[in-house]
2 protein chains.
Amino acid sequence: MSQNKYLHIYNYLKEKISSKEFKPGEKLPSENYLTQTFNVSRNTVRRAISMLASDGIVTSVHGKGVFIMEAQPLNFMVGGLQGFKEASTSNDVEYSTSIPVFEDLIADESISKFSKFLLGTNLLKIYRIRNINGENVILDINYFNESVVSGLTVDIAKDSVYAYIEKELGLKISGAQKLISIEPATKDDKKYLDLKDNKLVAVVKNFVYLDDGTLFEYTESRHRPDRFTFSTFARRNY
Amino acid sequence: MSQNKYLHIYNYLKEKISSKEFKPGEKLPSENYLTQTFNVSRNTVRRAISMLASDGIVTSVHGKGVFIMEAQPLNFMVGGLQGFKEASTSNDVEYSTSIPVFEDLIADESISKFSKFLLGTNLLKIYRIRNINGENVILDINYFNESVVSGLTVDIAKDSVYAYIEKELGLKISGAQKLISIEPATKDDKKYLDLKDNKLVAVVKNFVYLDDGTLFEYTESRHRPDRFTFSTFARRNY
DNA sequence: CGTTATTTGTCCGTATGTATA
DNA sequence: ATATACATACGGACAAATAAC
């Protein structure tokens, strides 16, 4: 009962694909077949398949079938919405997080301008330094809407903030607008990162929304350029 | 008849939102209302709404309604799948394209490795230099599967390759895997771009697939870092 | 080459559940 | 408690593209 039917089928197919039981270039079982074996309606099967399609894992061809993509996203989730911890544990890297800044503040005009938080909003500002294999390569500057993440502690921030928000607080994250650019290194970048002789950093600005549309987090993720990668799947729109 | 119903409703709502007739923070008309006024089934309305949601334009809240996002993507399409021309015409910029390289070649081992084209594939290699407001800021290095884009000419390449592929050849593009990184400027970058004193370039590697899952294009889009931006909306997955 | 079967695409109407007002 | 609104799911119909015969 715990899981929706379309999710169950989605996860089933995804598992078969990632375990190579269903191989790239081949077709998935037909919608009709899946409908019968799972004892669900065709709509439910189609929903699961369209989720796989928007992941870039399969592509449907009218009259032929649903094909498994030849070259799949290296990581099904990179470029999606996940925290640093979730991303890190999937690979074979040693990582750690340190938190040199953890303070309350109120959104003044300059903060409001870049973060899009309303003037006067109570915010929690956190710096998180991401160390990978012994080098400080990412500086995350987080601004959280304090009224949303009231009980957040340094220990939680070292672990996974998203897990805390979703599991402990029971809030749902709708999605995030991400803006990537290349910018000159700031004083903070030089202070906290092992930049070597890099003068530029790759910046990912995240505007994260709850499912009621309220902005609850603005984060600048500042990366040493040689260690920055970002992957996403773009679907042709209509 | 020309347009599907769900597309019609999708475009209708999108237009109302972008013209600010429906304002950020407000709700869309309810699914029920839209069902009646458009004389369609609720499924069809929901399909249009879910497309807006995956664009990051609206977010649905159970029991409350469908809310228009406060901060919308600057450009509904950036980060999606579109050519340079389509992106450029939407803004107030002067742009032009020059093509210093336009040649056939066969995928050898090194090309095959980075492009993922099979060894021995006949390819069309094109360099396209994108000039914006008088400066060469983007170098696009395209490798097309020649058997797919057989009739492609220099003139078409100066215009929109995607329009040619979709309208002239009647092929459908399924989507593209995009990989963003920061790399040292190559000789070609220095030769073709007005790099000033930049030593790095922002690189977007595109693996573009047709709707039957075959790879038909590999493109490296190499940007002068100060002029590079990329925007995308990431939805929380399940 | 035409006919039939298979497969995905679009669309409908309905029922029930759950969250919110 | 009732009404509204979105979420999940069912089953059916027909169209369109492709495959098999």
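Keep in mind that what you see is a predicted model, and the values were worked out from it rather than measured. Convention: sequence-line order gives letters A, B, ...; per-chain numbering from 1.
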- Task: Check the distance between D/dC6's C1' and A/K172's NZ and give it to me in whole angstrom.
- Result: 12 Å
- Counting N and O atoms only, with roles assigned by atom type, does the side chain of A/R130 sit under 3.5 Å from a partner on the main chain of A/Y95, one being a donor and the other an acceptor? no
- Item | Main-chain N/O of B/A157 paired to B/R128 side chain as donor or acceptor, under 3.5 Å | yes
- Look at the side chain of B/T219 and the backbone N and O of B/S221, then say whether any donor-acceptor pair between them is shorter than 3.5 Å. no
- Message: Is it the case that atom CD in B/E109 sees more than 12 heavy atoms from other parts of the structure closer than 6.0 Å?
- Response: no
- Reading nucleotides 8-17 of chain C from the 5' end, what letters show protein touch, with B for base, S for backbone sugar-phosphate only, - for no heavy atom under 4.0 Å? BBBBBB---B
- Query: Is the backbone N or O of A/Y6 less than 3.5 Å from a side-chain atom of A/N4, with the two atoms forming a donor-acceptor pair by type?
  - Reply: no
- Query: For the helix from C/dG2-D/dC21 to C/dA21-D/dT2, how many degrees between its two end axes (five pairs per end), to the nearest 10°?
  - Reply: 10°
- Query: Over how many whole Å does the gap from A/F38 atom CZ to D/dT8 atom C1' extend?
  - Reply: 17 Å
- Starting from P on C/dT6, measure out to CD on A/Q36 and report it in whole angstrom. 11 Å
- Taking the six-membered ring for Trp and the single ring otherwise, decide whether the centroids of A/F114 and A/Y218 are under 6.0 Å apart. yes
- Does any pair with a residue in residues 12-33 of chain A pass ring pair (Phe, Tyr, Trp, His ring centres under 6.0 Å), and if so which ones, sequence neighbours excluded? A/Y12-A/F38
- Task: Decide whether a cation-pi geometry holds between A/K116 and A/F207; the criteria are a distance under 6.0 Å from NZ or CZ to the six-membered ring centre and an angle within 45° of the ring axis.
- Result: yes
